[in-house]
Structures are given as structure tokens and as C-alpha cells.
Amino acid sequence: MSVSDLKERHAVATETVNNLRDRLRQRRLQLLDTDVARYSAAQGRTPVSFGATDLVCCRTLQGHTGKVYSLDWTSERNRIVSASQDGRLIVWNALTSQKTHAIKLPCAWVMTCAFSPNGQSVACGGLDSVCSIFSLSSTADKDGTVPVSRMLSGHKGYVSCCQYVPNEDAHLITSSGDQTCILWDVTTGLKTSVFGGEFQSGHTADVLSVSISGSNPNSFISGSCDSTARLWDSRAASRAVRTFHGHEGDVNTVKFFPDGNRFGTGSDDGTCRLYDIRTGHQLQVYQPHGDGENVPVTSIAFSVSGRLLFAGYASNNTCYVWDTLLGEVVLDLGLQQDSHKNRISCLGLSADGSALCTGSWDSNLKIWAFGGHRRVI
Amino acid sequence: MSAPSGGGGGGGGAGHGGAGGEVGSSPFAPSSLPPPRPKSPPEYPDLYGKRREAARVQMLEREIGFLEGEIKFVEGVQPASRCCKEVSDFVVANSDPMIPAQRKSRRSCRFWKWLCGPCFSMVSFCCCCQSKCSCHLKKPKCCSCTSCSCIGSKCCDGSCSSSICCCPRPSCPGCPSCSCFRGCCCSCPDLSCCIPKCFRSCSCARPSCLSKKKSSCCNCNCKIRWSSCFRCPKVRLCSCCFCNCKNLCSNPCCLAF
């Protein structure tokens, strides 16, 4: 077949793809008979209401000398690892605010960090395109340099996000500016699977975030600069299980909903959205009121019941707490006493759901917990 | 003695550099052989380009298969209301350490609460839009958006009385001020409304596309990359990430960091 024949086939195929996408979009619109907010309002759900002292900052973790970009909690024992522009990972005891480790990184331009499920290792990645693993039992020298126990090399772009597979210290998933996600075997340092990439059905722009399902660790979601989120089955890397459209800008952050059948996203278009993984439906859009420019969402987390969605934004110190059922902002942590002084870049909930940690460009981390009274019925 | 073969004549021809010229005067050149003519190099097929194009077509045809499968799948999918019910039931069934206790309804609002049922009647609209209705009743974004025909539109906030949909504004209202963060008309609600003339009023401290005459807000190729430099995250729309690998103290990426 000649090149001109191929070009003609390419044009025809492109038109077919566009028509099919349009048909799919129309069909999905017909199935959107309601959203979570309208449904919940019709059910007469009582809104969540926070008093002035209900959610308070109970700890400020100071020690980084640069913007904090990423944080992660352990699955137990209330420790946090944070990564900063100062080129260090710090491991904190969240209860006492003490630093247990301060690891100087070989590449200062770190973007993500994660705790292993057993809490004995931390992983990080960034502009060096490598995911580095450090063992917390290794001895640091006086500069805080800890030897890298494993380097996961293979990405052709920056590592934007990393997360260990739940309950598996030997497996980790990374997302990258090279448009792929990779499942790694940490013990060998080798790639197990590559999701997406050139000439494969995957993201068509930088991948910025991953979230692995807690209830089904074979499933994970990725969010990308191509404005989509994709659901993957780690056992079948050839193509995404489903692609979720709707956002009008980069999808910066994705997080599974606590029930494992839904997930949330945060985007440069200023909205957070809730999607259903089994049907592909977009169930809710969380869009702040106001006529101003859409402020990008940098990070999200759900409370353990899923009733609250915490969302950090790329302006000032805004961190909205959304009532996920009624689709309304119930609190802005940026207006609370002792709030951050700059953009919130990352946040995460503790394993038991009783505390939220936020990381900011002001170089601090803060821990927020419920400080009000709770009536036992 | 026989005349030398063409090889000897060829040797003489080679001395002339294969210019395909002059033979006839040589006493050794056989008159029946055509003059040597240099050939153009054979046309090699552009295999790399052809294979790449074939791969793209294959990808598209695979995508067609996926989309057809997805359309078939969607035919049998339950409506969103069932998923919303599942979400609501899950949330209500699980306790949450971050959520304060419920407060009692105020007596005065019970009447409003009774009257304000699902928001699809004029009565409930009146109720829902009353500012007095402060207990657990908040004005919904809109009473009904079912008549919206604009794709991606929503009902205007504060306009419950109107069922006219707010379609995305067709054109950018103008760019009175440009934010240098993206070197473009960031005050425009829709970035596709950016027009190049807005861009020139921006002054970015870092190297940018300003020096490029043909730059436009949405098409800029002034990313500077060296092989040993980092590819910067979220570099887009005329923002140039200036990689300076010689000075490791400087931030290689001007945007996200």
C-alpha cells in the first residue's frame, strides 16, 4: 500500500473515530438522568455543617526549607513522609511532630513520594525520570545522605507520582511525563508492565497522577494532561479498561472513592469530578461558585465515609472541604486559624481517617483533625 | 590483432571522470556501444515514514474497535441515578471521624422543609430561593436543567427563574490584562479565545516566546531542551522552560516549580 493510500485510510479512520466518539458522548449524556447532588437533595439529605472550631490545625510540621510537593501517610503508626523542593525527604511522627529521618536526595527536583505498606521504605521520583527507593533502616551520614537501595530506571520523562500497590512491598506504580505508567518489581528493579506509550492505546500527554484501588489492587486510575482519566487493569497493560472524559484541562490528581467503585479527580479547569468506574458515568461536578478565573485543583482526598472531599487549589491557601453528596463547599481550611500561607500542593488522610495532612509551598505541613464535640446517639 | 575490449575503452572513459562524454574519437571505442550515462541513484522507499503512517492507521483502527465495543457496552449500562443511590447509601452507612454531629432542625424551618420538596415546582422554587430558608436548605444551583440543550452547559447560578442555559461564551470578551504565568490571556475564560496580540503585552522575566515573530497563544515551540536536561512538567502555551544544565542551583523548570 502506498503512503498516499495510507494517508487516505488515516483520514477516513480519523473521521470514523470522531463520529464514534460523538455517538458515545451523546449516548452517555442520555444516561445522565441526575447527579449525586440532585439525587441527595431529593432524598432530603442533611447538609454537613462545620462550626468554627470543628476542624482545627493541631500540628504544624516545620523543617523543610522549600516548597512541599508531596506527602504520604503510613498505613499505621501515624508517620508521614514529605518531599520538598529543598531536595529532601523528611519522615515525621505526626503525633509528636518529630522528624525521624531527613534524607538528602541525589536529585533535588523531586515531585512525589510514597511509603511502602510495611512502612520500612520510602520511594520518590521527579525530574530525573527515576523512582528511587530508600530503606529507613539504613544509616545516614552526617549530611543526611542515605544510600539508594533501588533505582527504578526506564521512564523517558519525569516521574510525577508513585504509589505502592496496597499490601505489596514489592510492587509500585509510577506515572510519568512520558505518557506512561509503569508497574515495577521493586526487588529486581525491573518493569513488570508498561501502560500506554507510543503506538499503544493510552494517554496522549503527560500522566500526572495515579491512584490504586484499596479494594481491588489490580485496578488503578491515572490522570493526565490530555484531560482524561483512565482505568487500568494491571494484568492487562495493552489498553485502558475505560477512559473518562469531561474535564477541560489537565487532570492533576486522582483518588479512589472509599467504596472502590468510584473515583475523584481534580483538574486545571478548576473542578473536581466524581466518576463511576463500572459504568463510566460522571456522577458529579464540584465547581466553586464565582465569576473569577478557574483555579486549578492541585490535590484531593476523600474522608473515610466519602462524605467529605478535601481539595487543594493553586491559589493562596485555599483548601475547600466539599460535601460530596450535596455538592457544596462546607469549609475553607485556608480561612481557618493557623492556616497555610501559600498554595496547598498535596494532602492526604491518615489511615484511620481521623486526621488530614496538608503540604504547602510555604514549606510546612499541617495536620487537621476534628476538634468539636460529637454527640453519641 | 583485435581491438581492445570495452574495458580498455572504459578505462579511458573512466579517466574522463564518467562524465558520459567523449568516446567517439578514441580509436579503441567500439562504435556500437552507447555512451556511458550516469544513472540517478535508485529511489529508496521511505520505509520509516510509511511504517510510521501504517502504525498510526493501525492505532486508529484499533481505537475504532474499542469505541464500537464501548458503544455496545453503554447500551446495557444502568442510568446514573442508580450509581448516585449507591454513593449516597455508602456514605450514609459509614461513620466519619471528621464530621461533626448533626444539629437539630429549628422549629421555624420545619414548615419550609415540608414545603420545599424536590426542587421541580414553582412553590419549591420560591422556597428554595428565599434567603430566610437558612436551616439545612440552601438555594440549589438551579431548579431544573433538563431543558438545557447546550452540551456541557449548566444553569446559571442565581437564575433559578430562568431555564435558559448558560452556554459557554462564544468569544473572548477581551484581554485587558495578561497574566505572565502562561504568557497568554489568562483572564480569558476560554483559553482557545486567546489571540496573539494579547501576548505581546506580557513581559516575562524568563526567556519566552516573545522573540518569536510568529508565536501565537496556542502554538509555541520555543521549548529549549538539551539531551541532558529535564523535560519540564506542564510546559504549555507559550511558556518556555529554560533548562540550564550548567548551573545546577537554578530551577530548571520555570512553571510548576
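Lettering follows sequence order; numbering is per chain, from 1. Bear in mind that the values here come from a model prediction, so they are computed numbers and not experimental data.
- Counting heavy atoms from C-beta outward, B/Val87 and A/Phe257 have side chains that approach closer than 4.5 Å.
- Using a 3.5 Å distance cut-off with no hydrogens or angles, the side chains of B/Asn94 and A/Ser305 do not pair a donor with an acceptor.
- When every heavy atom of A/Tyr39 is checked against every heavy atom of B/Lys85, the shortest pair comes out as OH-CG, 3.2 Å.
- Between the CH2 atom of A/Trp368 and the CE atom of B/Met98 there is a distance of 10.5 Å, given to the nearest 0.5 Å.
- Between atom CZ of residue A/Phe370 and atom CD1 of residue B/Ile99 there is a gap of 9.5 Å, rounded to the nearest 0.5 Å.
- Looking at A/Ala108, neither its backbone nor its side chain comes within 4.5 Å of chain B, counting heavy atoms on both sides.
- Among A/Leu308, A/Leu32, A/Asn261, A/Asp352, the residue making the largest number of heavy-atom pairs under 4.5 Å with chain B is A/Leu308.
- The shortest side-chain heavy-atom distance between A/Pro258 and B/Phe90 falls under the 4.5 Å cut-off.
- Of the atoms belonging to B/Glu75, heavy atoms from both backbone and side chain fall under 4.5 Å from chain A.
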Under the side-chain contact (heavy atoms from CB on, under 4.5 Å) rule, what do B/Arg56 and A/Leu6 come out as? Steps first, then yes or no, please.
CA-CA 9 Å; B/Arg56 285 199 194 103; A/Leu6 282 170; over 6 Å; no
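- Atom OG of A/Ser354 and atom CG of B/Asp96 lie 10.5 Å apart (nearest 0.5 Å).
- When side chains are defined from C-beta on, B/Ile71 does not count as touching A/Arg27, because their heavy atoms never get closer than 4.5 Å.
- Both the backbone and the side chain of A/Leu20 come within contact range of chain B, with heavy atoms under 4.5 Å apart.
- Heavy atoms closer than 4.5 Å to chain B are found nowhere in A/Tyr275, neither backbone nor side chain.
- B/Ser88 places a side-chain heavy atom less than 4.5 Å from the side chain of A/Arg45.
- In this structure, chain B has a heavy atom under 4.5 Å from the side chain of A/Arg262, while its backbone stays farther away.
- Between the A/His281 side chain and the B/Val77 main chain, no donor and acceptor come within less than 3.5 Å of each other.
- Taking a 6.0 Å sphere around CD of A/Gln43, one finds it holds more than 12 heavy atoms contributed by other residues, nucleotides or ligands.
- With a 4.5 Å cut-off on non-hydrogen atoms, A/Thr14 touches chain B through its backbone and its side chain both.
- For the side-chain hydrogen bond (donor to acceptor under 3.5 Å, both in side chains) with B/Ser81, the lone residue among A/Asp33, A/Thr34, A/Asp35 that qualifies is A/Asp33.
- Seen from the ring of B/Phe73, A/Arg242 counts as a face-on cation partner, given the 6.0 Å and 45° thresholds.
- Per-residue counts of heavy-atom pairs under 4.5 Å with chain B were compared for A/Asp269, A/Val36, A/Leu356; the largest is that of A/Val36.
- The neighbour count for A/Glu8 CD, taken as heavy atoms of other residues, nucleotides or ligands under 6.0 Å away, does not exceed 12.
- When the candidates A/Thr324, A/Leu274, A/Val304 are compared by the number of heavy-atom contacts under 4.5 Å with chain B, A/Val304 comes out ahead.
- Looking only at side-chain heavy atoms (C-beta outward), B/Leu67 and A/Leu24 come within less than 4.5 Å of each other.
- Counting heavy atoms from C-beta outward, A/Arg9 and B/Glu53 have side chains that stay 4.5 Å or more apart.
- Salt-bridge formation is not detected for the pair A/Arg239/B/Glu63: no Lys NZ or Arg NE/NH1/NH2 atom is positioned less than 4.0 Å from an Asp or Glu carboxylate oxygen.
- For the pair B/Glu70 and A/Arg23, the salt-bridge criterion is not met [side-chain N within less than 4.0 Å of a carboxylate O].
- Between B/Cys83 and A/Asp276, the closest heavy-atom pair is SG-OD2, 3.5 Å.
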